[in-house]
Amino acid sequence: LAFLNVADEIPKEWVNNGDFNSPSDAKLYHGKPAWIFVTGGAGLLVGLVRYLYTYPDNLPGIFKEIGDYHVDPKYTPLTVFISGVSLAGGASLGPEQAMGNLGGGMATYLTENLLEFKDDDYRKLVVLCGMSAALGALFPTPILGVLMIYELGNPPRTYMESIILLSFGSCISFLIYYSLMEYTYLERIDASNRLADAWDFSEWQCLTGFVFGLVSGAICLTSIIFLGVFKQVFVRLKKRFDNLGDNLGTLVCPIIGGVIVGTMSWVCPLTVGDGNMVLVPIIQYGAMKDLSTHLLLCSVFAKLFTLAVSMNCGFIGGFVFPMITVGAMCGVIAYQQYDYLPLGLCMGCFLAGVPAGICPMPFTLIGIPIYIMYFGLYQTIPIFICTITSYTVVCGSGIFKALVDRGQANNDENVNQGGKKGSMSSTISDPLIKQQQEFTISQYGGNPKYQRKP
């Protein structure tokens, strides 16, 4: 509750851009120059914490933690603090990384210090229950928190036993959060069912979903290009500053990244934060065509730009929520260009399809637009086709595998040259590839004690 309020409420206070109550609030150069100082200041604080506490660059992400049934509780407080500062300061990252780390870290501490299990499977389930509980208040239904754990991991014991335990944690967390706040972090968009009611399903829309999946995959590949560019930028910056002082790059890179992200938010206000603040205005004003296609296209590339900077400069957070925002922008663009298409079809496909290209949890992502927009049975079919197509384009094409192999080769070369395995040049600087490594290569960088058995 405290973390999500920090991530949600603090940005609303300093953004103060009319809460995007008017389409003019979203226009280019309608942000505020003060945003540069806010995000730059957040980068300074993140850099200081990383520098003073020697926060490691090679900690695993949420995918690896779920697969290993383990979160290092030693770094959980720092991870949550750095992520909270990052999100409160306007970094283009989501809260899912810190939430999973918080729940899993607390559960790991309990299983290692206070609880004893004769069967190690129950220890693993307790850790996954902690993660499921932390994610329960993040989505509009606790079902998605359980589903996310199941898609990214492989819970032990029987299917129904693990489902029941994970569901208890997720439901209790959701009920406590909802009873206090009366909403979840990713809230429903419109309770009047407008998007669903205005969409009459037809068979040809399945082909449209396939085309949207191809476009979503192309957008994901574009995001990988941005990440690759800024990987090299921040690796070189860190090396230059490290030559000036011991580990000085750890302090300076987040500041530079914060200034860049703040400047881009000022120029293009729709890129501010993780996107939760602007998601509803994008759909609302986009449906009325009050946002120009030019503005939305600029916002898509600017969001991918700020996401790449945020993930490489030292901020901590997830990439799912920013990519959902990119998907919303793409859905509005598709509706404006082809107004014979239902808005619900465009929004539903791109909301799930864009993040699905780089995040291996298709059913969780499909559930997000279905639950927040109240889509019916037949309306889910194009969304499903789009999501699977997007992931196939990115991963089935072999491009992602080539990048993963290259990242592993760079890491091995760094070790052979006397460098530190898991240094910034091979982990934090290339986070999406690292996340995919964590999901597809279970042995990479993990603790043998907690690795999954074949």
Side-chain angles (χ1 to χ4, degrees), residues 63 96 135 138-154 159 163 186 188-190 193-221 223 279 283 319-335 338 340-397 399-400 435-436 439-440:
F63 290 4
E96 64 272 12
L135 296 170
L138 193 61
F139 299 110
T141 169
I143 296 174
L144 295 180
V146 178
L147 190 56
M148 179 177 176
I149 297 295
Y150 248 92
E151 288 196 275
L152 297 179
N154 184 25
Y159 174 77
I163 280 286
L186 182 60
R188 60 177 182 264
I189 290 180
D190 194 338
N193 305 340
R194 293 179 195 171
L195 294 177
D197 291 343
W199 176 5
D200 292 327
F201 173 77
S202 183
E203 293 90 338
W204 61 267
Q205 294 170 0
C206 295
L207 180 60
T208 304
F210 174 75
V211 175
F212 284 170
L214 296 177
V215 176
S216 298
I219 294 169
C220 290
L221 292 175
S223 71
L279 185 60
I283 299 175
F319 59 85
V320 176
F321 276 67
M323 293 300 286
I324 288 175
T325 306
V326 172
M329 297 175 187
C330 294
V332 171
I333 293 172
Y335 173 71
Y338 308 97
Y340 59 88
L341 295 175
L343 178 60
L345 170 65
C346 299
M347 294 303 305
C349 287
F350 279 107
L351 272 178
V354 170
I358 51 179
C359 190
M361 50 180 200
F363 293 107
T364 302
L365 294 172
I366 291 169
I368 291 176
I370 291 174
Y371 281 119
I372 65 179
M373 297 179 185
Y374 307 94
F375 290 134
L377 292 176
Y378 294 131
Q379 294 167 337
T380 65
I381 300 172
I383 301 174
F384 177 62
I385 294 174
C386 174
T387 303
I388 299 301
T389 302
S390 175
Y391 188 79
T392 303
V393 166
V394 179
C395 297
S397 64
I399 297 176
F400 217 150
Q435 295 279 25
Q436 192 70 5
F439 184 75
T440 58

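In this chain, residues are counted from 1 in sequence order.
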Are [X] and [Y] side-chain neighbours, meaning at least one heavy-atom pair lies under 4.5 Å?
{"X": "Ile368", "Y": "Leu144", "result": "yes"}
{"X": "Ile143", "Y": "Tyr371", "result": "yes"}
{"X": "Tyr378", "Y": "Cys206", "result": "no"}

Ser390 side chain vs Cys386 backbone, donor-acceptor pair below 3.5 Å
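Here the side-chain-to-backbone pair does not exist.
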
For Gln205 and Leu345, indicate whether the former's side chain and the latter's backbone hold a donor-acceptor pair under 3.5 Å.
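Checked: no pair found.
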
Fit a plane to each ring of Phe212 and Phe350, take the angle between them on a 0 to 90° scale, and name the class: parallel (under 30°), tilted (30 to 60°) or perpendicular (over 60°).
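Answer is tilted, since the angle falls between 30° and 60°.
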
Between [atom1] of [X] and [atom2] of [Y], what distance do you get to the nearest 0.5 Å?
{"X": "Ile383", "Y": "Leu351", "atom1": "CD1", "atom2": "CG", "value": "8.5 Å"}
{"X": "Leu147", "Y": "Thr141", "atom1": "CG", "atom2": "OG1", "value": "10.0 Å"}
{"X": "Ile283", "Y": "Cys346", "atom1": "CD1", "atom2": "SG", "value": "11.5 Å"}
{"X": "Tyr374", "Y": "Asp197", "atom1": "OH", "atom2": "CG", "value": "11.5 Å"}
{"X": "Thr380", "Y": "Ile385", "atom1": "OG1", "atom2": "CD1", "value": "9.5 Å"}
{"X": "Met373", "Y": "Trp199", "atom1": "CE", "atom2": "CH2", "value": "10.0 Å"}

Return a table of donor-acceptor pairs under 3.5 angstrom between the side chains of residues 322-331 and protein atoms on other chains or two or more places apart.
unit_1 : atom_1 : unit_2 : atom_2 : d
Thr325 : OG1    : Asp274 : O      : 3.4
Thr325 : OG1    : Phe321 : O      : 3.2

Contact summary for [X] and [Y], nearest pair of heavy atoms:
{"X": "Tyr335", "Y": "Leu341", "answer": "CD1-O, 3.4 Å"}
{"X": "Glu96", "Y": "Val320", "answer": "OE2-N, 3.0 Å"}
{"X": "Gly209", "Y": "Cys349", "answer": "CA-SG, 4.2 Å"}

Output side-chain donor-acceptor pairs under 3.5 Å for residues 358-367, partner residues at least two apart or in another chain, one line each.
unit_1 : atom_1 : unit_2 : atom_2 : d
Thr364 : OG1    : Met148 : N      : 3.3
Thr364 : OG1    : Glu151 : OE1    : 2.6

Inspect the surroundings of CZ in Phe201 and state if more than 12 heavy atoms from other residues, nucleotides or ligands are less than 6.0 Å away.
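Atom CZ in Phe201 is crowded, with more than 12 foreign heavy atoms closer than 6.0 Å.
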
